[in-house]
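Below is one structure, written out as structure tokens; comments come after it.
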Amino acid sequence: MSSFCQREGSRVGQNQREIHSKWFFKPVEMLQTNLATIDKNQDGRILFVAETGWVFDELSYPDNETAERKLRLNGFKRCDEDPAFETLSFIPDTLHEGTPNPVYSSGKHWRE
């Protein structure tokens, strides 16, 4: 199943809403958006993902609630909370690891 945002008339399909409810986004600069999701295999682990699916950073917290609170504190919104996300961005189908880029875990762009 593709996770690209597809419109069905004026609403997003049920599968897309479910996917969007598990992902967060933050516009960072011209036409670039960083994505984040809480790892479904490890509670409290945030994976930061480029639109290409490259996992470039991660942070861990004691539980999912704390992880979501930290994402919101740092300007991330859930993808299903902003209608603009549906038309401007997409969630990658697969994630892959590459060279780490500690944008958030370095603390430079992250508030505790």
Side-chain angles (χ1 to χ4, degrees):
M1 172 181 71
S2 173
S3 60
F4 286 88
C5 297
Q6 298 173 351
R7 291 196 166 267
E8 295 177 8
S10 62
R11 63 187 180 91
V12 175
Q14 180 62 37
N15 289 338
Q16 298 305 341
R17 278 194 293 274
E18 183 178 338
I19 290 168
H20 287 180
S21 73
K22 297 176 184 175
W23 281 83
F24 297 80
F25 78 104
K26 179 179 181 177
V28 289
E29 52 188 51
M30 283 184 46
L31 301 176
Q32 180 183 347
T33 300
N34 284 347
L35 299 168
T37 189
I38 299 172
D39 190 341
K40 63 183 176 190
N41 298 314
Q42 185 178 336
D43 281 355
R45 181 178 178 220
I46 303 170
L47 302 175
F48 296 97
V49 183
E51 290 177 301
T52 60
W54 167 49
V55 178
F56 63 86
D57 201 0
E58 66 179 71
L59 285 168
S60 292
Y61 290 97
D63 53 56
N64 291 348
E65 293 78 23
T66 303
E68 181 169 343
R69 194 169 56 252
K70 296 296 183 175
L71 283 164
R72 291 181 182 283
L73 175 68
N74 285 279
F76 283 82
K77 294 195 317 188
R78 257 192 13 219
C79 295
D80 65 345
E81 294 173 340
D82 190 334
F85 180 85
E86 298 169 12
T87 58
L88 300 175
S89 298
F90 64 91
I91 295 169
D93 288 328
T94 57
L95 303 182
H96 54 274
E97 292 187 36
T99 305
N101 183 8
V103 172
Y104 298 110
S105 63
S106 69
K108 184 176 180 180
H109 299 286
W110 192 258
R111 296 183 306 167
E112 288 293 331

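Only a predicted model underlies this, so the values are computations on that prediction, with no experimental measurement involved. Here, residue 1 is the first one in the sequence, and each next residue gets the next number. Computed over heavy atoms, backbone and side chain alike; hydrogens, waters and symmetry mates excluded.
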Open item on the list: The criterion is ring-ring contact (aromatic ring centres under 6.0 Å, His included); which residues satisfy it with Tyr104, sequence neighbours excluded?
Closed with: Phe48, Phe76, Trp110

Task: Thr52 side, atom OG1; His96 side, atom NE2 - distance, nearest 0.5 Å - done: 4.5 Å

Task: With Asn64 via side-chain contact (heavy atoms from CB on, under 4.5 Å) - residues at least two apart - done: Ile38, Asp43

Open item on the list: Tell me every residue that passes side-chain contact (heavy atoms from CB on, under 4.5 Å) with Thr94, counting only those two or more places apart in sequence or in another chain.
Closed with: none

Open item on the list: Could you work out, with side-chain contact (heavy atoms from CB on, under 4.5 Å) as the rule, every residue matching Ser106, not counting sequence neighbours?
Closed with: Pro102, Lys108

TODO: With sequence neighbours excluded, tell me which residues meet side-chain hydrogen bond (donor to acceptor under 3.5 Å, both in side chains) with Ser105.
DONE: Asp57

TODO: Can you sort out the partners of Glu97 under side-chain contact (heavy atoms from CB on, under 4.5 Å), two or more places apart, ordered by chain and number?
DONE: none

- [ ] Drop me the distance from Leu59's CG to Ile46's CD1, to the nearest 0.5 angstrom.
- [x] 5.5 Å

Open item on the list: Let me confirm one number: the CZ-CG distance from Phe56 to Leu35, rounded to the nearest 0.5 Å.
Closed with: 8.5 Å

Task: same_hphob_cluster(Phe24, Leu73) at 4.5 Å side-chain heavy-atom cutoff - done: no

Task: Approximate separation, where rounding is to 0.5 Å, of Arg78 CZ and Thr37 OG1 - done: 11.5 Å

Task: With sequence neighbours excluded, residues passing salt bridge (Lys or Arg N to Asp or Glu O under 4.0 Å) with Arg69 - done: none

Task: Glu51 to Gln32 - nearest heavy-atom pair and separation - done: OE1-CA, 4.4 Å

Task: salt bridge (Lys or Arg N to Asp or Glu O under 4.0 Å) involving Lys70 - partner list, sequence neighbours excluded - done: Glu112

TODO: Could I get the full list of side-chain hydrogen bond (donor to acceptor under 3.5 Å, both in side chains) partners for Asp63, not counting sequence neighbours?
DONE: Thr66

TODO: Rounded to the nearest 0.5 Å, what's the gap from CG on Asn34 to CG on Asn74? Could you check?
DONE: 12.0 Å

- [ ] Look up atom NZ in Lys26 and atom NZ in Lys77, then write down how far apart they are to the nearest 0.5 Å.
- [x] 12.5 Å

Task: Pro92 versus Ala50, closest heavy-atom pair with distance - done: CG-O, 4.1 Å

